[in-house]
Amino acid sequence: MLSDMNAPQREAVKYLDGPLLVLAGAGSGKTRVITRKIAYLVQECGFDPRNIAAITFTNKAAKEMQERASHLLEGRAGKQLNISTFHALGVKMLRTEAKAAGLKPAFSILDSSDATAIVSDISKETEKSRLRALVSRISGWKNAMLPPSAAASHAADEMEALAARVYEEYERTLRAYQAVDFDDLIGIPARLLASDEELLERWQRRLRYLLIDEYQDTNSCQYQIVKLLAGHRGAFTAVGDDDQAIYAWRGADVENLRNLQTDYPKLKVIKLEQNYRSMQRILSAANTLIARNEKLFDKKLWSDMGRGDPITLFIARDADHEAESVAMRIASHKFEHRGKFSDYAVLYRGNHQARVIETALREQKIPYVISGGQSFFDRAEIKDVMAYLRLVANGDDDPAFIRAVTTPKRGIGGMSLEALGRYAGERHIGLFAAMFETGAEHALPARALTPLREFGDFINRLEWRARTEAPRLLLEDLLRGIGYETWLFEQFEPKEAETRWNNVREFVDWMGRKGEEDGKTLMELTQTVALITMLDKRDDGEERDAVQLSTLHASKGLEYKHVYLIGLEEGILPHRESIDGGKIEEERRLMYVGITRAQRTLTLSHCERRKSGRESRDCEPSRFISEMGEDVQRPKKDGAAPTAEDRAARVAQLEAMKARLAGKVLPGS
DNA sequence: GCAGATTGGATTTTT
DNA sequence: TCCAATCTGC
């Protein structure tokens, strides 16, 4: 059964004598190991699939793992597995243990923009970078399980002192709304498991074996959950790669790898070093580079796929020339090798770097897609509809109330809401409850109260129906009831309104399908959508034959035949802030992640000069280039930069080649 | 003095 | 691309 795996992979699947850490290098088949191990536990060891939990960081990874594991298992077993993100597991625990957490089971989940809006309200801070600093400081404390009181005494400077004050008020606000943020989805379950023995035992019985993916990305809260659930039995397999830890800035702590060894002295460590993705030369360069980092575990990737092409480095005059050159290289390479555009990826440090590349690719008429971008559920129109659903599920959700009551406009403005807010504040209740109280009749003029109560009745009717009726019909009635389509077309240009309305339709369809397939009520669905991101949208992006543009961070876990790493300059990669903050090692890992995305060829580039303001400055090539050793082919130093004529000649050559190929291909296809 | 236009500069992102 | 700071025209 395991004959198609290599020895360490097989060992990792079969090892069940205690806690296991699998150090899985890039492209070493870690998902394979996890899914096979799940199948092994069920088929060979008699585990009930309901007692196995696999935890990932993204919905995408969870979905992929679910599919692959189900494929290996027979019948319904796959469906019974608990494969989810940390956050989804947290939601599940919180919904069942809501009472112990002091929450109603229908609590709301606030996304980052909701949370940021609340922090902004409390702190009166509107400037983006300072607001973001506050939010991330608070989030950092929450992930370290530090309560507001402790944060206040730890505050190191003026900004932290402010953050601590905001943090306290923020937590109070969330509880008043019966809402939790993303950090709470991990933090509150961790607290519950730690403080309630009976509850802990119940969950330990329920989840008897844990498999954790991307372990190097865990924060201390997440590690607490793992440790508590696994208990002293240590029935878990953690899979990770310390060389690919690139998320320290958002709370991930590679130290958790070391902690695993101290907390579980009997921890077994298995390394997966055979890589099935890249040619040896690429791996050698990656190994040489990463060897510069202080390491806990030594690891050397190798491959039996052959040595491969040399790694090319080219030096461009400036950013425009770099982009132009990348576009040109992709075009000629593609036509020469008759490959697909989707075999090529351009990777960079910051999103803004994509812009020049886009322009250059468009000029060459090369199709491209930019990975990432705005997620479906972040769109205003989806958030509008979600606000109604959140309010239907949880009347205490004031942010949802405000958004719903003002979208579309129904004659309730800032004045009425402020008056209602004052009254609700005095009475220590939510806005929704406040407007139905007799006292509200004195606090607000009838002119304002009447439409408010009409709105309230509308929500109450929906709430009543939501308990029994199918989601699709109800959603359609909701949209009709608030005249959302009409409102969209009043607000926006026809084209814009059309797209937005289509998004809403897609949302309704998706909810409707879910309701029919899984027999879920609207209430149940509402409580899970906050965590779901792209739906199946990602698929159409992958199906188009297009060059992939991506940040290095977003490229983790993906692979491409031909990779172009651009902007390899001091200040960009490594980034200035990281150089100043002494965070070179994480930048080096980022470079490592980029290199190991490549299967066949890797092309590096940097600029000689970059314009900043009116004049342009010299740039220094990234230290990482020389740190890759001799596998990088240095460009010929003939001194002369290519002239306009040289470039014209290359364009002509390329055009001729395209024409030739087109001529050959056309008659047949 | 202000709204609208233009210019310039940019860490990284998921839940 | 997106956002904020600066500039222009009234």
Side-chain angles (χ1 to χ4, degrees), chain A residues 55-63 84-92 94 109-116 126-133 135-136 139 142-143 180-189 213-214 217-219 221-222 244-252 319 347-359 362 368 370-378 528-534 538 549-557 567 569-581 583-584 586-591 593-594 610-617:
Chain A
I55 307 173
T56 64
F57 273 83
T58 64
N59 289 311
K60 198 184 162 207
K63 198 179 157 204
S84 70
T85 60
F86 262 111
H87 291 85
L89 177 66
V91 175
K92 200 175 197 177
L94 273 185
I109 299 169
L110 303 183
D111 69 19
S112 338
S113 62
D114 299 324
T116 308
T126 50
E127 203 259 326
K128 225 186 91 182
S129 68
R130 268 176 299 179
L131 184 59
R132 211 173 42 188
V135 170
S136 84
S139 172
K142 292 185 78 157
N143 286 326
V180 299
D181 64 17
F182 284 138
D183 296 327
D184 288 329
L185 293 178
I186 314 289
I188 301 177
D213 191 20
E214 305 279 12
D217 288 341
T218 50
N219 61 38
C221 251
Q222 289 159 336
Q244 293 188 73
I246 53 173
Y247 285 113
W249 52 274
R250 65 179 202 207
L347 307 180
Y348 36 81
R349 178 65 230 253
N351 287 117
H352 63 274
Q353 292 175 272
R355 225 198 134 263
V356 224
I357 301 290
E358 277 185 86
T359 317
R362 254 200 308 266
Y368 63 87
I370 303 180
S371 83
Q374 215 193 10
S375 108
F376 189 71
F377 284 87
D378 283 341
T528 48
V529 265
L531 288 180
I532 300 164
T533 36
M534 289 293 272
R538 209 163 274 240
L549 306 192
S550 170
T551 62
L552 287 160
H553 282 93
S555 76
K556 195 171 116 185
E569 289 143 44
E570 289 290 302
I572 298 180
L573 184 70
H575 195 272
R576 173 95 268 135
E577 307 271 314
S578 301
I579 300 174
D580 296 343
K583 295 179 184 123
I584 292 296
E586 181 146 315
E587 296 287 304
R588 193 176 280 116
R589 291 193 289 267
L590 199 50
M591 177 80 179
V593 166
R610 216 169 256 280
K611 50 177 176 285
S612 81
R614 212 136 293 144
E615 75 269 40
S616 74
R617 287 160 201 259

Integer-rounded Å distance: [N] [atom2] and [X] [atom1]:
{"X": "A:Tyr348", "N": "B:dT11", "atom1": "OH", "atom2": "P", "answer": "16 Å"}
{"X": "A:Gln222", "N": "B:dT14", "atom1": "CD", "atom2": "P", "answer": "15 Å"}
{"X": "A:Glu570", "N": "B:dT11", "atom1": "CD", "atom2": "C1'", "answer": "15 Å"}
{"X": "A:Asp111", "N": "B:dT13", "atom1": "CG", "atom2": "C1'", "answer": "14 Å"}
{"X": "A:His352", "N": "C:dA4", "atom1": "NE2", "atom2": "P", "answer": "17 Å"}
{"X": "A:Ile186", "N": "B:dT15", "atom1": "CD1", "atom2": "C1'", "answer": "8 Å"}
{"X": "A:Asn351", "N": "B:dT11", "atom1": "CG", "atom2": "C1'", "answer": "9 Å"}
{"X": "A:Leu185", "N": "B:dT15", "atom1": "CG", "atom2": "P", "answer": "12 Å"}

Residue [X], side-chain atoms from C-beta onward, closest of [options]:
{"X": "A:Lys128", "options": "B:dT12, B:dT14, C:dA4", "value": "C:dA4"}
{"X": "A:Arg349", "options": "B:dA10, B:dT11, B:dT13", "value": "B:dT11"}
{"X": "A:Arg250", "options": "B:dT15, B:dT12, B:dT14", "value": "B:dT14"}

Does B:dT12 have a Watson-Crick or wobble partner in any strand here, with both distances under 3.5 angstrom, and which is it?
none
Taking side-chain contact (heavy atoms from CB on, under 4.5 Å) as the test, write out the residues that go with A:Glu569, two or more places apart.
A:Ile572, A:His606, A:Cys607, A:Arg610, A:Cys619
Listed partners of A:Ala115 passing side-chain contact (heavy atoms from CB on, under 4.5 Å), at least two apart:
A:Tyr170
Under the criteria of a ring-centre distance below 5.5 Å and an interplanar angle below 30°, is A:His575 stacked with the base of B:dT11?
yes
A:Trp249-B:dT11 aromatic stacking (under 5.5 Å, under 30°)
no
Expected output: side-chain A:His575 to main-chain A:Glu587 donor-acceptor under 3.5 Å:
no
Contact class for A:Asp181 (heavy atom, under 4.0 Å): base, sugar-phosphate, or nothing?
nothing
Donor-acceptor pair present, A:Ser112 side chain and B:dT15 base, under 3.5 Å:
yes
Going by the angle between their ring planes, with limits at 30° and 60°, are A:His553 and A:Tyr247 parallel, tilted or perpendicular?
tilted
Using a cut-off of less than 4.0 Å, is there contact between a side-chain N or O of A:Thr551 and OP1 or OP2 of B:dT13?
yes
Classify the side-chain pair A:Asp213/A:Thr56 by whether it contains a donor and acceptor separated by less than 3.5 Å.
no
